[in-house]
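Keep in mind that the numbers below use all heavy atoms, side chains included, and drop hydrogens, waters and symmetry copies. Note on naming: letters A, B, ... go to the chains in the order of the sequence lines (proteins, then strands), and numbering restarts at 1 for each one. These numbers come from a predicted model, not from an experiment.
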Number of protein chains: 2
Amino acid sequence: MRRRTGDKERWITAAAMKIFAREGFHGAKITSIAKEAGVATGSVYLYFANKEGLLQHIFSELWQAMHASFQDLLLRKELTEKERIEHLIDSIFDLFADRPALALLFVNEQPYLLREAPGEMMYHYVDFLRMGEQVVRSGIGKGEFSPDMHPRVFTNFVFGGIRQLLQQWARAPRQFPLYVIRTEIKRIVMQGLLPRAVLNPAGNVRA
Amino acid sequence: MRRRTGDKERWITAAAMKIFAREGFHGAKITSIAKEAGVATGSVYLYFANKEGLLQHIFSELWQAMHASFQDLLLRKELTEKERIEHLIDSIFDLFADRPALALLFVNEQPYLLREAPGEMMYHYVDFLRMGEQVVRSGIGKGEFSPDMHPRVFTNFVFGGIRQLLQQWARAPRQFPLYVIRTEIKRIVMQGLLPRAVLNPAGNVRA
DNA sequence: CTTTTTACTGAATTCTGATTCAATAATACA
DNA sequence: TGTATTATTGAATCAGAATTCAGTAAAAAG
């Protein structure tokens with residue numbers, strides 16, 4: 001017999017992440033991935049069915065992590081819905097914080113998988129958005145949020161905005177740091193662009 | 001001599017749009033596009049240098065249209081900045097309103113072109129976002145918008161949110177009509193999720 | 001130390017689909 | 001009508017890269 005030495009599966013996924021992110025799924029060559037991983041071309045096929053399987057595996061782990069942290073947040077009864085939304089936003093950024101390559105994969109290759117492997121992907125995707133919607137609904141119910149907000153449109157909008165900023169960040173991590181992005185997103189999401197009326201001590205409205 | 005009959009270039013771009021949107025750029029076969037357009041395979045190459053050129057041509061027209069309507073809006077002095085932003089949002093949706101296939105192309109294939117043809121694409125992209133930022137800055141200057149808003153993050157966020165919703169819509173136009181999306185986006189962008197303090201007739205603050 | 005079993009290798013194979021181009025058709029012009 | 005010129009065709013070519021597999025290496029078992 002012979003034992004597997006080293007965690008080749010991990011080397012390969014790490015390499016794939018890097019190459020997919022740089023070249024795009026279609027531009028990435030299995031040969032480059034193998035070289036980057038330090039294994040032979042053929043070895044990739046010992047661990048994954050094919051190129052697409054490799055991509056799916058990466059996404060699958062990602063969605064799983066995302067789902068888990070969302071699930072956690074939904075269960076924390078002590079949070080207000082406003083806090084919950086803020087934590088949801090944070091948890092997405094936490095996931096990508098030190099992995100810009102993963103972020104690029106996530107934002108760029110999602111459409112491909114959604115077309116080629118609609119089943120699993122669609123499931124995660126829909127489930128994920130559903131969770132967001134749920135929080136918004138519940139916040140409206142409690143009077144925390146504007147009652148005329150459309151939960152599904154809102155959730156999609158925020159999700160899309162986050163993706164776009166993740167992409168900008170991953171493309172050039174220096175142009176704005178992630179903590180700025182998170183903070184700003186929360187501001188936009190909660191307060192919007194217009195200045196808010198605030199109460200002065202006398203109870204009157206100030207611009 | 002022989003004259004070109006029919007507007008083959010247009011037939012081909014129309015077909016390409018449709019097929020690219022359905023199969024994705026990489027999944028689309030030139031042969032299918034030619035058949036859909038009602039011309040021979042080789043004819044595609046009489047009008048476009050290659051497959052990528054075809055995609056670029058579509059994007060190029062699109063960005064041009066986008067740029068033009070943005071430019072118009074920037075020049076309309078009678079608008080408040082708030083109105084200007086609302087019109088910007090509308091102009092994007094107007095562009096895609098009856099062309100879901102174009103919308104899918106736009107949201108799905110942008111990353112590919114940004115990688116493969118960074119020059120022109122990047123130019124349009126950056127310019128486009130810059131225009132948005134400009135409006136926000138100017139609105140802040142005039143006191144129309146929250147002074148602590150980060151113009152670049154804001155613009156990217158909104159752009160991303162719009163993309164996401166365009167995609168959802170294009171994927172299944174029936175789930176929410178475009179006019180709902182526009183309205184909701186404007187609400188989110190302007191007011192955010194939290195309920196606003198409003199004045200009642202007596203000048204006091206109501207929840 | 002030999003045998004057996006499993007891991008790994010990377011050059012060769014295969015497939016897919018973009019691109020080409022020799023042949024043909026249509027129109028203009030003389 | 002005949003000839004020149006340009007447009008169009010689509011089967012054949014070609015390139016590139018995913019996948020395979022016969023061969024080799026390493027570890028375990030005896």
When you look at B/Leu54 and B/Thr13, which way does the side chain to side chain contact (heavy atoms under 4.5 Å, CB included) test go after all the steps?
CA-CA 7 Å; B/Leu54 189 43; B/Thr13 51; 4.3 Å; yes
From the list D/dA18, C/dC8, C/dG10, which nucleotide is the closest neighbour of the side chain of A/Lys51?
D/dA18
Classify the ring geometry of A/His124 against A/Trp63: parallel below 30°, tilted from 30° to 60°, perpendicular beyond 60°.
parallel
Verify the contact: side-chain N or O of A/Ser43 to OP1 or OP2 of C/dC8, cut-off strictly under 4.0 Å; return yes or no.
no
Among side-chain atoms of A/Thr155 and A/Glu133, is any donor-acceptor pair under 3.5 angstrom?
no
Length of the CG-P vector between A/Leu46 and C/dT5, whole Å
19 Å
Length of the CG-P vector between A/Leu54 and D/dT19, whole Å
10 Å
Give, ordered by number, those residues of residues 12-39 of chain A having at least one heavy-atom distance below 4.0 Å to an atom of DNA chain C; if nothing qualifies, reply none.
A/Val39
Step by step, would you call B/Tyr112 with B/Glu52 a side-chain hydrogen bond (donor to acceptor under 3.5 Å, both in side chains)?
CA-CA 10 Å; B/Tyr112 170 75; B/Glu52 189 176 312; 3.0 Å; yes
Nucleotide nearest A/Arg2 (side chain, heavy atoms from C-beta), chosen from C/dT9, D/dT9, C/dA7:
C/dA7
Reading DNA chain D from 5' onward, which residue's closest nucleotide shows up sooner: B/Thr41 or A/Asn50?
B/Thr41
Nearest to the B/Tyr47 side chain among C/dT20, C/dC8, D/dT8, which nucleotide is it?
D/dT8
Measure CD/A/Glu52 against C1'/D/dA17 and give the value in whole Å, please.
16 Å
Using a 3.5 Å distance criterion without hydrogens, assess whether the side chain of A/Arg187 forms a donor-acceptor pair with backbone atoms of A/Thr183.
no
Cation over ring face, B/Lys51 and B/Phe25, 6.0 Å, 45°:
yes
Spacing between B/Glu9 atom CD and D/dT8 atom C1', to the nearest angstrom
16 Å
